[in-house]
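Chain letters run A, B, ... following the sequence lines, proteins first and then strands; every chain starts at 1. It should be emphasised that the depicted structure is a prediction, and the values quoted were computed from it without experimental measurement.
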Amino acid sequence: MLPSCREIAEQASENIDKPLTGIRWLKMKLHLFICVNCRRYKEQINLSSKVVKSFEQSEEPNKQLQANITACYEELHCKHKEKQD
Amino acid sequence: MEKAAVLTEQQILSRLLEGDQVLFQQIFKQYYGAMQSVAYAIAGPVIADEVVQEAWVSALKALPKFEGRSTLKSWLIRIVANEAKTRRRKENRSVSLENMQESWATDPRFAENSHWSNPSSQWHGDTPEALLSAEELKDCIEKNLQKLPENQLAALRLRDSAGLSMDELCNILEVSPSNVRVLLHRARDKVLKVIDHFQITGEC
């Protein structure tokens with residue numbers, strides 16, 4: 001028996017992280033073939049995941065944080081160098 | 001200026017140990033988003049940057065001993081995740097991110113036979129850029145993400161924002177693979193519903 005739309009909705013998200021294989025993959029494909037709503041849902045859940053991903057790429061670090069960490073890098077590098085010398 | 005992207009991990013490590021500041025700045029910026037997402041997901045927005053700073057201090061101290069058994073990115077992510085968990089405990093927030101209680105069996109989009117009764121609409125735009133050309137939608141999604149249960153938001157940020165593997169999610173969130181799948185699906189489904197509502201009404 002083919003999975004229900006609710007099951008397909010869950011599998012659409014699972015498929016993003018680990019593509020379905022074997023009989024589960026085949027049943028999903030067959031369901032998608034006959035169900036326009038699930039085809040659309042699968043595309044939209046992929047797109048929703050990509051939208052969240054695009055948020056991270058636009059994050060700019062806080063200037064003060066960057067300055068603090070750079071200062072720490074310089075300081076630790078100097079100490080490390082002193083040890084080596 | 002040589003870009004970090006053209007260097008091998010080993011070359012990056014050597015250059016960082018030699019004190020290559022320009023490269024360090026590039027690496028810091030490159031991994032900031034992922035590290036911040038992990039810190040945010042586990043320790044919350046208020047102290048996320050502090051956690052990132054503490055993680056970098058720990059990482060820089062340990063850098064000479066880093067043997068390159070994992071990639072630099074996953075090593076940094078592990079450090080920031082551990083730092084965030086420690087801070088979470090100190091701030092007296094519950095450490096357990098497990099709470100799988102809510103059910104979506106009553107989702108009104110599905111009929112009793114578990115097939116669609118109210119499916120999503122056709123969207124105008126099939127890329128994140130096209131959808132987010134409406135600035136209000138991004139704000140709307142961000143606002144709604146804050147309303148997600150903590151464990152779902154953490155899973156979504158760790159996986160889709162920070163790009164961590166499913167195994168890493170299980171370790172950090174201390175839940176089973178099937179629970180991670182449920183958390184991710186519910187969180188993504190919420191984003192989908194927010195976008196769909198916006199597409200239909202033009203409002204958040």
Output yes when a side-chain donor or acceptor of A:H31 lies under 3.5 Å from a complementary backbone atom of A:P3, and no otherwise. yes
Any donor-acceptor N/O pair, B:K85 side chain to B:I172 backbone, under 3.5 Å: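 Checking the backbone N and O of B:I172 against the side chain of B:K85, a donor-acceptor pair under 3.5 Å is found.
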Region of [X] that comes under 4.5 Å of a non-hydrogen atom in chain A:
X	answer
B:L184	both
B:I195	side chain
B:W123	both
B:L192	both

Max heavy-atom pair count under 4.5 Å with chain B, selected residue of A:C72, A:C38, A:C5, A:S49: A:C5
With respect to chain A, which residue among [options] yields the maximal number of heavy-atom pairs within a distance under 4.5 Å?
options	result
B:N113, B:L63, B:D196, B:D126	B:D126
B:R159, B:K190, B:K61, B:E50	B:R159
B:Q53, B:M166, B:R181	B:Q53
B:L16, B:L137, B:V52	B:L16

Please name all residues satisfying salt bridge (Lys or Arg N to Asp or Glu O under 4.0 Å) with B:E67, sequence neighbours left out, ordered by chain then number. B:R69
Could you pull out all residues at least two apart from B:E54 that satisfy salt bridge (Lys or Arg N to Asp or Glu O under 4.0 Å)?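 For B:E54 the salt bridge (Lys or Arg N to Asp or Glu O under 4.0 Å) partners, ignoring immediate neighbours, are B:R87.
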At a 4.5 Å cut-off on heavy atoms, which part of A:Q66 comes close to chain B: side chain, backbone, both, or neither? both
Counting only heavy atoms closer than 4.5 Å, note whether A:N68 contacts chain B via side chain, backbone, both or neither.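 Contact with chain B involves the side chain of A:N68 alone.
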Step by step, work out the side-chain hydrogen bond (donor to acceptor under 3.5 Å, both in side chains) result for B:S121 and B:Q199. CA-CA 8 Å; B:S121 62; B:Q199 289 276 326; 5.9 Å; no
List the steps and the verdict of side-chain hydrogen bond (donor to acceptor under 3.5 Å, both in side chains) for B:Q25 and A:T70. CA-CA 7 Å; B:Q25 297 281 350; A:T70 306; 3.0 Å; yes
Check B:Y32 against A:N62 and note the closest heavy-atom contact, atom names and distance.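 B:Y32 and A:N62 have their closest heavy atoms at OH-N, 4.2 Å.
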Locate the shortest heavy-atom distance separating B:L131 from B:G125; write the atom from each residue and the value. CD2-O, 3.9 Å
